[in-house]
Amino acid sequence: MSEPEVLCLGESMVLVAPAPGERLATAREAAIRVAGAESTVAQYLTDLGHRTAWASRVGADPLGEQVLAAIARSGVDVGHVERDRSAPTGVYFKDPGPQGTRVHYYRTGSAASKMSPATLDSLPLSTVRLVHLSGVTPALSETCAATATALFERARAAGASCSFDVNYRAALWSSEQAAGPLLALARRADVVFVGLDEAQHVWGTETAEQVRGLVGPGVRLVVKDADVGATHFPPGGGPAVFVPANPAEVVEPVGAGDAFAAGYLSAWLRGAGPADRLRLGHRLAAFALGAVGDHVDATVLRTAEAAR
């Protein structure tokens, strides 16, 4: 396989979900899928025609094979994923209910939580154009937090750009624990994605402009406001660009943020301007919202984009 253009690093897990309309407490059947923020970005970037690789660790167990097979089927290079014989692949369960879906994680001590800066030694950082990371990774363990920081340091030294999706997960750490590490990583990146709601929760910022003031002028900052739209702030100052979100029928919201990031990054890698990057992000997010699962095959959008 040729060298990847984009490298995404982070944990992917097996997802267990009850049949539609069922609750975990009473379900007799369940479906198994694979989910992970960074691998989902890699899958959507592959759909859009980019060469991508996903780096991580999985257990040397059947669930690890399930994860690797599902991501590889999308065309993502999984050759940089380590198999751990002493730690399991992470699992999580979804429990849909009238007040929304609750998530139950079983990932403490997982193989991915054992990632360390040494994990980066064999990665092709000198040849990729972009590395992508989310705020889930530093929440997994102290060694994962060190890995996240080291990834951006090594990638920048090698000439690669760094993309960071804040992706705050309250089930993994409190806002007080997360605020400092997430802000430090955001300030180290070249491109940052953050939802206005999570910025309010973690950093106490109320507007997109306040997020820009906190993160600083050195990054390309994209502040997403759910179904309202997204605002792009260029590095070094200059006018912000706002593009409204596309109307979408929401079947399941999971994965839309990763789809948006992939759409934006794809357009950026191809040299498109800020408005076109946001538009492709919205199109891919709307596509993801219309189906169940973190990743839905979006290769049809590659043809549509080529015709634009």
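Hydrophobic clustering (ILVMFWY, side-chain heavy atoms < 4.5 Å, transitive): V222 and V228 are in distinct clusters.
Ion pairing between D84 and R57 holds under the 4.0 Å rule for side-chain N and carboxylate O. With salt bridges taken as basic N to acidic carboxylate O contacts below 4.0 Å, none links D197 and K224. Note on E153 versus R188: salt bridge recorded, some NZ/NE/NH1/NH2 to OD/OE distance being below 4.0 Å. The existence of a salt bridge linking R283 and D276 is excluded, since no basic side-chain nitrogen approaches an acidic carboxylate oxygen closer than 4.0 Å. Between E3 and R51 no salt bridge is recorded (no basic side-chain N to carboxylate O distance below 4.0 Å).
Here Y105 and F93 keep their ring centres 6.0 angstrom or further from each other.
Note: H201 and Y168 have tilted aromatic rings, judged against thresholds of 30 and 60 degrees for the angle between ring planes.
In this view, F193 and Y264 satisfy the ring-ring contact (aromatic ring centres under 6.0 Å, His included) rule, not counting sequence neighbours. Shown here are the side-chain hydrogen bond (donor to acceptor under 3.5 Å, both in side chains) partners of R187, two or more places apart in sequence or in another chain: there are none. A search for ring-ring contact (aromatic ring centres under 6.0 Å, His included) contacts involving F242 returns nothing, not counting sequence neighbours.
Taking the side chain as every heavy atom from C-beta outward, N167 and L182 never approach each other to under 4.5 Å. Side-chain contact between E65 and P62 is absent, with no heavy-atom pair separated by less than 4.5 Å.
Side-chain atoms of S122 and H80 include no donor-acceptor pair closer than 3.5 Å. Residues R129 and H50 have side chains that never bring a donor and an acceptor to within less than 3.5 angstrom of each other.
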